[in-house]
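Comments concern the structure below.
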Amino acid sequence: MATSIGRFLSILFFTIWLSVPVSAEPVYDAHARVELIADTAEITPGSEFQAGVLFRMDPEWHVYWKNPGDSGLAPVFKWELPEGISAGEIRWPIPQKIDLPPLTSYGYEKEVLLAVPFKASPELNTQLPAVLRVKVEWLACKVECIPGKAELEIKTPFQANNEIFRKTESTYPAKKLPWKVEARRTEKNIQLSFFSGEAKMSLGDVYFFPENEALVSHAEPQTLTRKNQGYELQIPLSVNHPEDLESLRGVLVSREGLSAVRGWEVNVPFSSAAPAVVRPPLHLAGAVFFAFLGGLILNLMPCVLPVLSLKILSFVSEANQSRPSVLKQGLIFTAGVLFSFWVLAGALILLKAGGQQIGWGFQLQSPWFVAVLAVIFLILAFNLFGFFEIGLSLTGAGQNLSAKKGWAGTFASGVLAVVVATPCTAPFMGTALGYALTQPAWTAWIIFTALGFGLAFPYFILCANPAWLRFIPKPGPWMITLKRVLGTLLLLTVFWLGWIFSVQMGAFQIVSRNQEASAHKLSWEPYSEARLTELLAAGRPIFVDFTAAWCLTCQVNERLVLDRKETAELFKEGNIAALKADWTNRDEEVTRALASHGRNSIPFYLFYSGKGAAPVVLPEILTPKIVREALSVLDLQKEAN
Amino acid sequence: MNRKPALLPILILSLIFSAPAFSAVENNQPAPDFSLTDLDGNIRSLSEFNGKFVVLEWVNHDCPFVKKHYDQGHMQALQAEYAQKGVVWLSINSSAEGKQGNYSPEEWKGLQAEKKSAATATLLDPEGKVGKLYGAQTTPHMYVVNPDGDLIYQGAIDSIKSTNTSDIELSENYVRSALDSALSGGTVQTPFSKAYGCSVKYKS
């Protein structure tokens, strides 16, 4: 059917063309002088050469690129060639933007050579002169438009026009961008990002010419922003853009000054790795509130709990002290917490400004920090077991301290609370931290301060109202037992830190590549953007676990929820792919994935239901119920089908 | 009278903030209402045709793509055929004063008579406000509105982008397809296509 229509079309084309005289000379029509030229004089069998149509337009008139933009029509060539010679596709030089507000077209003014590569077969008959004949149809526009047509032919020996072909060579886009490119679709835009790695990139005015005619809003401005080691170009989608395009094709053009134009061909699959989640913008007040709440809840997180308990012990010993002294203790502890958060904020801001891909808990990505932390915990544990008394108690729990030493100890315990808190993310904190690190330094500073206040708040309140301390039992033998329990907790923490250290040093991996699938345990695959894109393309539901050995909240979620038999069964039932994004060591790909969701802390859980819908973000603290409910979307889909 | 001074700044502000003036319309959404004068000077609006299928055709008789569809009577035949089925056809010209395709109402009357246009009405939009409201880019640029007032098609007149009249027979006319499907209660197979043609000669 298609071929018969094609044949009919070509027959029709010929009959129409009968009325146009074939010309070996340049033809002038529709405000353009068109001429068929070649870059060789003779065609030798087995050779490759170029021939093309040179358009010379009247001033202010233009012809169009392959995507003409809002209006217009690209030139069309129909070749009539001797046997043994075949034509390729038109090689389109870098186009220019032609603005006719409110419309925008893509095309060429003044002069353009639309060249076509040719191949001569080794069996080409060279007895007779070869004739290249082309029927050209084009639309020339200034503001008004006129269609032009011509039938041109040249016969060997051609007049070789090497100079024009060579000149045109520099106007083609380069085949490949020298950078890593990614294209994503958001609700309103296409985001084209390119990373240069270490190399310096310099770009002028950048514009992306899309190949698809209906994809983008041609007249709307595209905005370029500098990102870490690269750029991001926002290209506004047209209202009626096609939804099913799998890749972005076109030409990226950079213009510096009037003459320097560089262009690169772009052909990248749309990556769904960083999905089009449009989240309501978080305001500063909201972020501060979340930070405070997060700090408050942080007290109950598994990594802070031992320190919290130590503080309770110290309260018990302080219960008999005078009110002002207790209040002072509370203030000093708060100061210690704030001080450490400020140091942390400062370090994060400075490192980020230096272009480092880091986030919350980044210091735990250093094995040496982990080692030092382990030693501190070990000393604390031994202290609690009563092996020795530390002169300057880090915990403030020592009974025989002078007031001054107690204050230093209180300050230090504030610092310690923050240090050990870093492996944890409490609910609400992720959102606030994600916001903080995308904002100017002073905003980040305010948010970190709010977080610190949240963490210190319970102690501060207790110290301000020592009356409430009466609810805690009087010191007695029970304290010895509690100390032993806490000491055990700390020892476990030391083992955990030792495990992190060994993972970081490469002794173990949290995701093994050849993990055997078992009925009782989930088989995790390591996360990569490529794998995610592949799975999304296959339409499979996907669960992504952003985790690290040093993230205690993550470990607890995994032990108590994700690694349960029931969860494994749910995953198996839904044919859900499980991806683990390991952030134990610094990993740019994982950092980038987190950043694309406005996060820079873990735990973070994503669930893609596999129907192209935006992923669902699960809370920081998982329960079997939460996971079951999140996955139940699949059952609904099944029923809908 | 004393409301005027207050209105003016609001008007100016709304003009500033309404940029970009060039918008676009979405399928299966209500087609925005508008009012324009016809060739007799009467105000006509889209809402007066509620309950009927309405075709909006952006037209400029000096454009070669429009000529392609008018010179051998194809567009007129389409207008007449669907007028019999109760479809309203509004031909809209958004050429600004002094630009190609802009004519006085009297000249337009002569032009439409000469072309044997069978449109229900020809509406003049020299300010380009309706053209920009609908995001009309080219002549021709076609829109089909259903009796509920929702947009069910927008884009090209047919599937072969050229200025050759002979291509018309070989192409699929998207307006015909959309109307036929919708008139028989079905869904439109191709609700959107990229319009092709000359640019609309908007006021700059």
Side-chain angles (χ1 to χ4, degrees), chain A residues 4-17 19 30 62 64 67-76 98-105 107 135 137-149 210 212-221 236-243, chain B residues 19-29 58 60 62-68 94-96 98-101 128 131-141 151 153-156 160-167 169-172 191-204:
Chain A
S4 69
I5 288 178
R7 196 170 301 143
F8 181 53
L9 261 173
S10 55
I11 291 167
L12 200 93
F13 201 82
F14 275 83
T15 44
I16 297 162
W17 277 95
S19 56
H62 57 263
Y64 292 92
N67 166 12
D70 285 332
S71 63
L73 206 59
V76 181
I98 299 163
D99 287 313
L100 289 165
L103 304 174
T104 292
S105 293
K135 290 155 182 171
E137 267 192 302
W138 71 95
L139 183 77
C141 297
K142 185 174 159 191
V143 175
E144 56 275 28
C145 303
I146 297 183
K149 60 173 83 171
N212 185 291
E213 293 183 19
L215 187 62
V216 317
S217 183
H218 302 116
E220 267 183 82
L237 283 164
S238 78
V239 172
N240 296 293
H241 59 269
E243 302 279 355
Chain B
F22 198 71
S23 53
V25 281
E26 274 182 80
N27 283 334
N28 304 317
Q29 298 290 323
W58 259 264
N60 168 0
D62 296 331
C63 162
F65 292 90
V66 174
K67 287 182 178 154
K68 166 189 173 187
S94 296
S95 293
K99 293 267 176 86
Q100 188 205 51
K132 289 174 185 177
L133 178 65
Y134 275 78
Q137 296 170 328
T138 59
T139 50
H141 197 155
L151 199 67
Y153 175 74
Q154 57 176 314
I160 299 183
K161 299 174 180 182
S162 79
T163 52
N164 296 327
T165 307
S166 53
D167 288 335
E169 298 298 328
L170 307 168
S171 70
E172 179 193 349
F192 173 80
S193 65
K194 175 71 174 65
Y196 72 88
C198 312
S199 58
V200 174
K201 311 307 178 203
Y202 284 116
K203 189 172 175 176
S204 38

Work out which heavy atom in B/Lys194 is nearest to a heavy atom in A/Gly69; give both atom names and the distance. NZ-O, 2.9 Å
Could you tell me the separation between the CZ atom of B/Phe65 and the OG atom of A/Ser71, rounded to the nearest 0.5 Å? 8.5 Å
Side chains of B/Asn164 and A/Lys149: closer than 4.5 Å at any heavy-atom pair? yes
Relative to chain B, which segment of A/Leu139 carries a heavy atom at a distance below 4.5 Å: side chain, backbone, both, or neither? side chain
Test item: B/Lys161 side-chain N/O and A/Gly72 main-chain N/O as donor-acceptor pair under 3.5 Å: no
B/Gln100, part contacting chain A, at a heavy-atom distance under 4.5 Å: side chain
Looking only at non-hydrogen atoms, find the nearest pair between A/Asp70 and B/Gln137 and report the distance. OD1-NE2, 2.9 Å
For the atom pair CD (A/Glu137) and OG1 (B/Thr163), what is the distance rounded to the nearest 0.5 Å? 6.0 Å
Would you compute the distance between atom OH of B/Tyr196 and atom CG of A/Leu73 and round it to the nearest 0.5 angstrom? 8.5 Å
For B/Cys63, is it the side chain, the backbone, both or neither that has a heavy atom under 4.5 Å from a heavy atom of chain A? neither
Which pair of non-hydrogen atoms, one from B/Val25 and one from A/Val239, has the smallest distance, and what is that distance? O-CG1, 3.9 Å
Pick one of side chain, backbone, both or neither for A/His241, based on which atoms fall under 4.5 Å of a heavy atom in chain B. neither
For B/Lys203, I'd like to know if atom NZ has over 12 heavy atoms of other residues, nucleotides or ligands within 6.0 Å. no
Given that the side chain runs from C-beta out, which part of B/Lys201 has a heavy atom under 4.5 Å from chain A: side chain, backbone, both or neither? side chain
